[in-house]
K.L.:
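Just passing along the structure, written as structure tokens.
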Amino acid sequence: MPLDRFGRDIDYLRISVIDACNLRCTYCMPLSGARFLPREELLTPKEFGRVVQAAVAVGFRKFRLTGGEPTLRRDLTDIIREVKSVPGAGELSMTTNGILLPELAEELSAAGLDRINLHLDTLNEKRLQQVMRRHDIEKAWAGIEAAERAGMTPLKINTVVVRGENDEDVVELAGLTVDRPWHVRFIELMPLGSGREAEYSRDKFVGNPESQERIELALGALEPIVNAHASDESRNFRVPGGKGVVGFISPVSAPFCDACNRLRLTAEGQFHLCLLKNDRLDVRKALRESDDLDEVKNILLRAVGAKPVGHELRDGRSNTVLSMHQIGG
Ligand code: SAM
Ligand code: SF4
């Protein structure tokens with residue numbers, strides 16, 4: 001396993017396959033005017049496959065596809081096949097808003113996709129429109145059902161909590177785990193991007209202790225579950241008598257940088273070293289100039305070696321000018 005200079009085992013690569021999206025979540029993208037990378041700048045399925053080959057060779061063991069919205073890539077099944085054909089690549093999961101899953105879930109599962117994390121901020125139709133924009137609750141349920149039908153389980157639902165918009169809806173979302181074996185995880189809003197998105201994220205922040213208190217008042221004291229892996233960023237609980245899991249991912253109120261095991265690859269082929277910083281290392285040039293996998297491995301190991309100690313958020317100010325859809329969430 002590649003160790004970074006702070007002794008962390010970095011074995012998890014999150015791969016963004018596209019920066020475009022069919023939604024416009026308030027904290028991630030402006031409603032209009034977002035600019036996306038031209039197609040030729042995006043890595044091809046074969047190029048993603050070669051990065052994964054190099055990553056497995058140096059000790060990476062876990063991979064996730066993300067974006068932007070990964071299901072917008074027409075060649076997503078080719079990407080999945082390329083990644084899964086690398087011996088030792090292990091489990092492959094994907095983060096998605098789920099809108100296109102009714103059409104795609106079976107195909108993606110047949111190509112080798114093992115699990116889905118589905119992003120849904122509220123079950124309330126009106127507030128869903130406010131936070132995720134261009135979404136509706138029927139589409140969300142259809143996506144969830146499609147993922148389950150295709151056997152991509154355990155299903156994990158990710159909710160970003162936003163003050164004044166969906167902060168009271170955490171109770172209803174956590175309540176889904178009473179009768180269903182789902183994981184519902186609450187993510188603290190992070191100040192990403194420049195301008196409006198960064199300011200919005202800072203002003204609308206809700207700490208997970210507050211969300212937990214709200215859930216416990218309504219559903220009873222949550223029972224802690226010991227995490228199977230130290231690097232699992234989610235603190236997990238069960239609602240008393242519940243079948244599923246309620247998780248809290250708290251990068252702002254309780255940063256988990258000491259246990260960070262991940263690196264990100266952006267859709268245009270740059271290793272992004274820490275979510276909330278700008279440090280990057282290009283690998284696309286090496287991929288396009290030669291077939292030599294050793295050079296890709298070298299760049300990857302340099303990226304691991306250069307990983308910063310942590311995100312060092314101060315006063316809730318963003319350290320990066322990029323938004324989540326540009327980095328890969
Ligand atoms: N489109 C897919 C989705 O929404 O799941 C995949 C990409 S999205 C960028 C990945 C995750 O990033 C989502 O769960 C989203 O809520 C989260 N995200 C985006 N901006 C964020 C922010 N400012 N703070 C915290 N999470 C954020
Ligand atoms: Fe799209 Fe995901 Fe960003 Fe929402 S969070 S705008 S679904 S990329």
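Atoms within each ligand, like the ligands themselves, are counted from 1 in listed order.
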K.L.:
To the nearest 0.5 Å, tell me how far Asp114 CG sits from Arg64 CZ.
P.N.:
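If we round to the nearest 0.5 Å, Asp114:CG and Arg64:CZ are 11.0 Å apart.
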K.L.:
Starting from the N and O atoms of ligand 1, collect every protein N/O partner closer than 3.5 Å and put each pair on its own line with the distance to 0.1 Å.
P.N.:
| unit_1 | atom_1 | unit_2 | atom_2 | d |
| --- | --- | --- | --- | --- |
| ligand 1 | 1 (N) | Gly68 | O | 3.0 |
| ligand 1 | 1 (N) | Glu69 | OE1 | 3.1 |
| ligand 1 | 4 (O) | His119 | ND1 | 2.7 |
| ligand 1 | 16 (O) | His119 | NE2 | 3.1 |
| ligand 1 | 23 (N) | Met190 | O | 2.9 |
| ligand 1 | 24 (N) | Met190 | N | 2.8 |

K.L.:
I'd like to know whether CZ of Arg133 has more than 12 heavy-atom contacts from other residues, nucleotides or ligands below 6.0 angstrom.
P.N.:
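Enclosed.
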K.L.:
Quick check against the 3.5 Å criterion: does Asn166 have a side-chain atom that pairs as donor or acceptor with the backbone of Asp121?
P.N.:
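Looks like yes, one N/O pair under 3.5 Å.
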K.L.:
Does atom CD of Glu213 have more than 12 heavy-atom neighbours, drawn from other residues, nucleotides or ligands, at distances under 6.0 Å?
P.N.:
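No, because the 6.0 Å sphere around CD of Glu213 holds 12 heavy atoms or fewer from other groups.
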K.L.:
How many angstroms lie between atom CZ of Arg73 and atom OG1 of Thr71, to the nearest 0.5 angstrom?
P.N.:
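Answer for the CZ-OG1 pair, Arg73 versus Thr71, is 12.0 Å.
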K.L.:
Taking the basic N atoms (NZ, or NE/NH1/NH2) and the acidic carboxylate oxygens, is any pair closer than 4.0 Å for Glu165 and Lys204?
P.N.:
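Answer for the salt bridge query: yes.
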K.L.:
Less than 3.5 Å apart, any donor N or O on the side chain of Thr122 or Asn124 sitting next to an acceptor on the other?
P.N.:
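Per modelled atom types, Thr122 and Asn124 side chains form no pair under 3.5 Å.
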K.L.:
Should the pair Arg127-Glu168 be classified as a salt bridge under the 4.0 Å nitrogen-to-oxygen rule?
P.N.:
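Looking at Arg127 and Glu168, the cut-off is not met.
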K.L.:
Go around atom 1 (Fe) of ligand 2 and count every protein N, O or S atom nearer than 2.8 Å.
P.N.:
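For atom 1 (Fe) of ligand 2, the figure is 1.
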K.L.:
For Glu138, is the CD atom crowded, meaning more than 12 foreign heavy atoms sit under 6.0 Å from it?
P.N.:
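Open: at most 12 neighbouring heavy atoms sit under 6.0 Å from CD of Glu138.
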